[in-house]
Amino acid sequence: MPSNSTSENTPWSGLPRRRVIAAGAGALALSAAGLPAAGTASAAERPAGAATPSTAPRSGTGWQGYVQAPASRAVQPVRVIASTGDVVGPEGLLQPGGPRTVLRRPRPAPAPRWPEGTVAEASSAHAGNNGNDGQPRTYDAKNAIDGDPGTFWNDDTLGVFPDTLTITLPATRELSGITLISNSDGVPTAFTVDVWQNGAWQKVATVADNDVIQRAVPFVAKVSTTKVRVTVTGVQDTPRGAFTRVNEVWPEPVAPVVAPSVTVDFGKVVVGYPRVRFTSASDNSPGVRLAFSETQQFLTDRSDFTRSDQSGGAGQGTDQFAVPAAGADWSDHKGFQAGDKVYADGLHGFRYLRITLDALAGDAPAAQPWGTVEIDSVGLDFSAYLGTPSTYRGWFLCSDDDLNRYWYGASYTNELVTDTFRQDDVDPRNAWSPSLEGKSVLHDGAKRDRDPYVGDLAVSARTLYLTHDDAAAAARNVLADLADHQRADGWIPPASISGYALPLFDYPLWWVTCSWDYVLYTGDRSYANRYYPNLLKVLDTWYPTVTDSAGLLSKGLNGTGGYGDYAFLNRTGRITYYNANYVQALNDAALMARWLGREGDANRWTQRAASVKDAINAHLWDEAAGAYLDSATGPVRHAQDGNAIAITAGVADSERAASALAHLDATTQRPYGNAFMDNDTIFGDASQRVYAFTSYPEIVARFEAGRAESAIDQIRRTYGWMDSHDPGITNWEGIGPGGSLYEGAYTSMAHGWSTGVLPALTHQLLGAVPTSPGYATWEVRPHPGGIAWAQGQLPTPQGPLAVSWENTAKVFALTVHVPAGTRGAVAFPVDSHDVTLRKGGRVLWGGHRASAGRDVGVTDGRITVSGLRAGTHSFSAVRHG
């Protein structure tokens, strides 16, 4: 997009970066389901100091009530949502020093056993391996009758049914039923039981909708038989796959004693080290198991995610503790409590916590699944950035309560992922690095993957700079570390995962863009000088090796056919997204080069960007659809990422931009946002999947193309959906068909790459952006849409840049407070042919022309006043007629 003369072109905006954020009010009301109430808050619910939609508050007041972070690092749950079994005083968990909570469970009777000589056969059995804990395991049918619940039969037909287990006794036996024991890696949900009678199989029981590990299956009448067959037709699908797993089958129906448990709700996603203060216990080392989840949907006896699932599975989906008789003030840190038994995973990101008096069979005798446990309280030691009102150096407030919630929800999401890089807490898939240990970083998610990815920084770092710029080192540490691990051929790794070797095609471009972002917001010349050689090498050495004869990047060249991207999409050849990103990165690099006085590099990259732009328009524009192709290879489809960034990077002219946005309107709008593909040719349900990561540039494109109302509508659908659905407040990694969690329990519900609503509301709606490093120059170009007023503050190295405006049918009034040592321009969203612009009592523009000063003119159809320096400047644009 054309920019004001004081602006410098940067990615995802015709002006320097602008983003949008999601937020939730600090005193948000809870619905009956315990989730944030949807819709605009009532006057009683609105945070103290917040304005009604028609009246702007005094600047700088009211926003504090929307801040979501806890008041201190010691966090308590807000309510008990369920208890099971023998529990006394579950509410005692909520407040230290109050009434105690007691869980009791009797010692179980010995399990029934099959007679000696009984054998088991199965339709298939998975080959043996080293299991989740690195120890050799078998998965044969005999494991289901060996009396050891720590072993199990596992079929070998992933997602294919039926699976059968046949048990043959040495002699006829009378049976009144059976008990099927499975495990938390996915229980059989549907199965039948047959017995052998009179030379044929006779069905004696049918089980449907099973969701328990121990399922007693009584027969209608006792039967005498020598064979029992269990036929499984459905199982829970878990991260370990849709296999049939049966740990034990007992020759009697044994109803389980309900394990005593209490489930607490922390009110929103939190992250850190859970802690439990046990005051006493019986003397048999009773065990407790802790299961965590970000959502009630996936709150079970197993956590929705644990790092041990990816690195050995010692905890089998929960964290364990054996309670001493004298009690203990226990904090959940990674490791075993007793030798190789009783494992805990450490840090967790979650909203809901279930504590159960239980123990893994393999943890005996160090922990027993029975006894008595007395608990004083449950809490969390919050580990992430603690964003209280006193720490905010940038803020936002407008006349729309929903948008305010989304902004601060995004800020809180980003605070959850701003944390210290610690070996025990990061992604276990070879992501730990001594070069990052102990440093502040921006992880991608609070729950997982907990590794700093540079593509995520394209959003999360901007969110950080606009809220807590004193923590900007969290972004710099990541960018510098990835550059320090640059490959000899110039390729820059996306993250530390896989020993800095995960092959992604697009993320080296995001490193260039994020490096310019960091310099633009902070003015850190030492970083620019130190890592400029890395920028040269990635753009002038590696990307030329994957450029084809038309000058376009083409995935597949130079051995990159197996490289992935932000979503590991199966696309090859000329891709609009990669090439639009390339234009963006080249122009960003040129800005960096000019700032450092390297005009030759700047000119070369600017010329290359122009050539790539022309090639995209020549080879990747689909005239029939009026949008850019996702790929020049394979089925015809049109992607949100390529079309949006083609607009924000200046590849598309105004006509193509309007056409591409119209195509996305017609093909991708969903109640929960805009899908990232317009059809399902790349994978099933692609046209139903929403990524806030790629929605952000589309939102920016709509604002910059003069479609503020459609941008706000997209924000409402995307962020409104996440704000009003469990867990509320925070921003999801991805949304699937019907507004579901796109990867089930594995989905991260607090993901930094999804916080683009924050920079969009600050940079596009409020309109303030830096245009040169360290805010030496800036611009205020509001896109109000139907919003009555907005105000905010952007932190700069020279002090706050504060902006407020009000928009009525008659007057657009704007005030900007300029920090010393900076200068900038304001551009008014009014028709220059029918307005009088005043600064104080002085007329700057009257009717059709400037009335005073050469700093007043028209740029891109807007009246623009430039050359504004330190101080407070107030303007009013009065519309005629």
Side-chain angles (χ1 to χ4, degrees), residues 107-128 136-157 160-235 243-257 360-362 364 369:
R107 185 171 188 168
R113 297 294 304 272
W114 296 96
E116 290 293 332
T118 302
V119 297
E121 299 175 296
S123 52
S124 67
H126 198 286
R137 299 184 72 100
T138 64
Y139 304 99
D140 300 330
K142 64 182 180 181
N143 291 340
I145 59 169
D146 65 358
D148 181 0
T151 65
F152 57 92
W153 162 57
N154 197 120
D155 85 286
D156 199 33
T157 57
V160 177
F161 302 96
D163 300 317
T164 60
L165 174 70
T166 303
I167 300 169
T168 302
L169 291 78
T172 300
R173 175 167 174 169
E174 187 178 73
L175 298 175
S176 62
I178 65 167
T179 301
L180 188 144
I181 310 291
S182 55
N183 64 57
S184 57
D185 282 341
V187 303
T189 56
F191 59 93
T192 58
V193 181
D194 298 285
V195 297
W196 186 259
Q197 284 186 319
N198 303 320
W201 289 108
Q202 305 292 328
K203 186 178 295 183
V204 290
T206 299
V207 175
D209 300 322
N210 181 53
D211 60 358
V212 295
I213 289 174
Q214 181 175 331
R215 181 61 183 253
V217 185
F219 302 157
V220 174
K222 292 182 179 180
V223 296
S224 295
T225 186
T226 57
K227 291 183 181 181
V228 177
R229 183 177 69 184
V230 178
T231 302
V232 178
T233 55
V235 301
F243 286 104
T244 294
R245 300 178 178 90
V246 177
N247 293 50
E248 287 293 311
V249 177
W250 294 341
E252 294 177 18
V254 179
V257 175
L360 299 174

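Everything numeric here is computed off the predicted structure, so don't read it as measured data. Side-chain atoms are counted along with the backbone in the values below, which use heavy atoms only and exclude waters and symmetry mates.
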Nearest heavy atoms of [X] and [Y], plus distance in Å:
X    : Y    : result
T226 : A171 : CG2-C, 4.0 Å
R137 : G150 : NH2-O, 2.7 Å
A127 : Y139 : O-CD1, 3.4 Å

Going by atom types alone, do [X] and [Y] pair a side-chain donor with an acceptor below 3.5 Å?
X    : Y    : result
T231 : D163 : no
R215 : N210 : yes
D211 : T189 : no

| query | Do the numbers put R229 on top of the ring of W201, so that NZ or CZ is under 6.0 Å from the six-membered ring centre and no more than 45° off the axis? | reply | yes
| field | Worked check of side chain to side chain contact (heavy atoms under 4.5 Å, CB included) between V246 and S182 | value | CA-CA 5 Å; V246 177; S182 55; 5.6 Å; no
Note, [X] side chain near [Y] side chain (heavy atom, < 4.5 Å):
X    : Y    : answer
P115 : L169 : yes
V223 : Q197 : yes
F152 : D140 : no
P251 : R113 : no
T118 : P170 : yes
L175 : V228 : yes
T138 : N143 : yes
P218 : S176 : no

Atom [atom1] of [X] and atom [atom2] of [Y]: how far apart are they, to the nearest 0.5 Å?
X    : Y    : atom1 : atom2 : answer
T244 : H126 : OG1   : NE2   : 12.5 Å
L165 : W153 : CG    : CH2   : 5.0 Å
N154 : R245 : CG    : CZ    : 5.0 Å
F161 : F243 : CZ    : CZ    : 9.5 Å

Please check this pair: side chain of [X] against backbone of [Y], looking for a donor-acceptor N/O pair closer than 3.5 Å.
X    : Y    : answer
T225 : W196 : yes
W114 : V249 : yes
T179 : E252 : yes
S124 : D156 : yes
Q202 : V195 : no

| query | If you draw a 6.0 Å radius around NZ in K227, do more than 12 non-hydrogen atoms from other residues or ligands fall strictly inside? | reply | yes
| task | Run through L180, N247, I181 and flag the one making a side-chain contact (heavy atoms from CB on, under 4.5 Å) with Q214. | result | I181
| field | Check against side-chain hydrogen bond (donor to acceptor under 3.5 Å, both in side chains), D146 and T151 | value | CA-CA 8 Å; D146 65 358; T151 65; 2.6 Å; yes
| request: Test T164 against V232 for side chain to side chain contact (heavy atoms under 4.5 Å, CB included), laying out the working first. | output: CA-CA 6 Å; T164 60; V232 178; over 6 Å; no
